[in-house]
> 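A single structure is presented below for examination.
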Amino acid sequence: MSEILTEPSEHILRSAFRSKSFAIGFALTILFVAAALISFLWTPYDVTVMSIADKLQTPSATHFFGTDHFGRDIFSMIMVGARTSIAVAIIAVGIGVVLGVPLGLAAASRHGGLLDEVIMRGNDLIFAFPALLIAILITAVFGPGAVNAIIAIGIFNIPVFARLARGAALTLWTRDFILAARVSGKGVTRISAEHILPNIMNLLIVQGTIQFSLGILADAGLSYVGLGAQPPTPSWGRMLAEAQTMISLAPHIALFPGFAILLTVLGLNLMGDGLRDLFDPKIRRGRG
Amino acid sequence: MNKPFKTTAFASFLALSAAFSPAFAANTAINVGMVLEPPGLDPTSGAAAAIDEVVYANIFQGLTRFDENGAVLPDLAKSWDISEDGLTYTFHLQTGVKFHDGTDFDAEDVKFSLDRARADDSTNAQKALFADIASVDVVDPATVKITLSKPNGSLLFNLAWGDAAMVAPESAADDATKPVGTGPFKFDEWAKGDHVTMSKFDGYWGTPAKLDKVTFKFISDPTAAFAAVMAGDVDAFPLYPAPETLSQFEADPRFQVIVGSTEGETILAMNNGKAPLNDIRVREAIAHAINRQEIIDGAMFGYGTPIGTHFAPHNPAYVDLTGLSNYDPEKSKELLKEAGLADGLTLSLKLPPPSYARRGGEIVAAQLAKVGITANIENVEWAQWLEGPFKNRDYDLTIVSHTEPMDIGIYGRDDYYFDYHSDEFKKIMADLNNTTDPAKRTELLQAAQKRIAEDFVNVYLFELAKTGVANAKVKGLWKNQPTQANDMSAVYWED
């Protein structure tokens, strides 16, 4: 890479794990990603099979997290639910990155021009609406389901990444190495791709992690109100919603999905914070 | 050490209860919980069950009425004579009846109410109830004559519905917001989104109510309903929305759990006009794939009675036809193979908000999956359900509870959302309308039940149970729900 302001990667990883919050966040994230991946191959019980006779059992050796009101194994449902949540959040963030970053880079390359204005005012327009409300509107119009939840959450990731990319790229455009690239005859598109993008990657990764946790939260919120993945696909938000009237009768069926959401979001946020500390030269130098 | 303390405590308790006992003795107010808020308060111009649940027998009365077991009793009409040919009904009215605004109730009001309900431009939700009435004539202020165009054995039953309530010409137009009836309670106030209050009407013609004040509170969230009853904010919740918490109330001596029957046939409705459900073998296969008891246990926590046809099991004319569509997944698979669908099929399953539908639907989908039928669940709101499945028949399968009393006649309606057309069934219904002999009517009703069960029009799941919770000291609440009503006229607090 060209004049990229990084250190050797070994060094980064070592200092990363020296940060306790990053280590905890990373471990929690890996835990849930692993649960989601393993659920493709194996879960203790089939999550679509009901066994009414075994309903509302408390946690035991046969059912680690107990059973829900249909006698389904909550541990298995949390595993498969992780898959749904992570998939929705990853794709939603992906939409934001794939559409938002090029828009932001394009806007920065034409700073002050018509294109810049159109893109950034479009962003402002999306920002002006409360995200969750519009997500509810989209799923209400196009029907509830995981795909529409992804689209609804994804749309709100576009301006986040566009604005971040533009802001970071603008400062880079004034740098000497960019000037050198221009003098050597490269076009704006190539410069954006070859010189700007690698240098803002660290910011994008940090923001991606944070957006990922917000995506999980948004998915849980949408499925809580019944607009996310539809039954019988398990989803953490819906598990919570269904458990709420039984909370005094069988608290465990609300606690486990609740903790799953809490720990995933916490893990991703800790990891994001750790990454930011790591990539931000000012903070890093301050730590000395 | 301990004893003196106890004595003091006991003494102060005595003093306290002495101080408070007049207040307890005078407990004549009650808060009643309801899930849905009514859109208006005029039972003669709206279909919502919540209207009748507030006003039926409390504010409004009809010529006849239902009791808690569904029997038809005299109300504003104290007696009646029926002519030999069954075409003329002469009603003798109660005298000294006053509306809450002070005006008198007499035969003119009866004529006004019935003519208004059956008029062409009437907004009455159940106009079919009055379809056979040819004319209503005032004989004298205490006598009314109703002439029918053809004999109708269910006229007295029809007149007991909330939709046939007696209203006054002076106040009828404002009944939706300021109801004026002849009942034991008069309307006080409606705080939209929260509660309706009514108080004892001093000029009531019959046995006065035992309560001075009744407040209907609207609490749609099951969790909030649970909390409200536990905290004593609500003294009675006759149609309690969270059956999963009933076991807690049963174990608590402060509360009573009242389990009775309703008129709610909960069915897995099928779109009979749409392939592949237009094939009776497919419908029968679906029926045999359903395990009713599992749905009752899983969705209703055991409250509910399995049914095999569209009829309430507590009705004397009910026939148990559950054996016709018993749980037999092997038979289902065979029937599907016969119908050329051995590789399975995919159907939509639209579920409205009540928990019997949402929870029951998940169990139904799991049971159908076992015989190779994929049911794609789609949760819909009531407005979407009315627009989609109900109005435009845009569905394959849906779950809904039909809570109107004696509504088997809907299977004879060509425009109904089942899209079921049977000339044989329609003939049974036509015969029924022309029959007044009770034994003959029972026979015809049973024939009708068999017809729809043998045609596997829908899967008849269970009769909704009325699961209510109330303070243990509240007496006189209805046990059953033969019509949409919360009759508070006989309710009182036990000392």
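Every chain is numbered from 1 and lettered A, B, ... according to where its sequence line falls, protein lines coming before strand lines. The figures that follow rest on heavy atoms only: side chains count, while hydrogens, waters and symmetry mates do not.
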> Does the side chain of Phe301(B) come within less than 4.5 Å of Leu56(A)'s, by heavy atoms?
yes
> Please tabulate, one pair per line, the donor and acceptor atoms of chain B and chain A that lie under 3.5 Å from each other, or say none if there are none.
| unit_1 | atom_1 | unit_2 | atom_2 | d |
| --- | --- | --- | --- | --- |
| Lys55(A) | NZ | Asp297(B) | O | 2.9 |
| Arg72(A) | NH1 | Glu362(B) | OE1 | 3.2 |
| Gln230(A) | OE1 | Asn379(B) | N | 3.4 |
| Thr245(A) | OG1 | Glu244(B) | OE2 | 2.1 |
| Ser248(A) | OG | Gln248(B) | OE1 | 3.2 |

> Would you mind listing every ring-ring contact (aromatic ring centres under 6.0 Å, His included) that reaches into residues 72-100 of chain A, with sequence neighbours excluded?
Phe64(A)-Phe75(A), Phe65(A)-Phe75(A)
> For atom CZ of Phe127(A), is the number of surrounding heavy atoms from other residues, nucleotides or ligands below 6.0 Å larger than 12?
yes
> Where does Leu351(B) contact chain A at under 4.5 Å (heavy atoms): side chain, backbone, both or neither?
neither
> Please classify the contact between Leu227(A) and chain B as side chain, backbone, both or neither, with a heavy-atom cut-off of under 4.5 Å.
neither
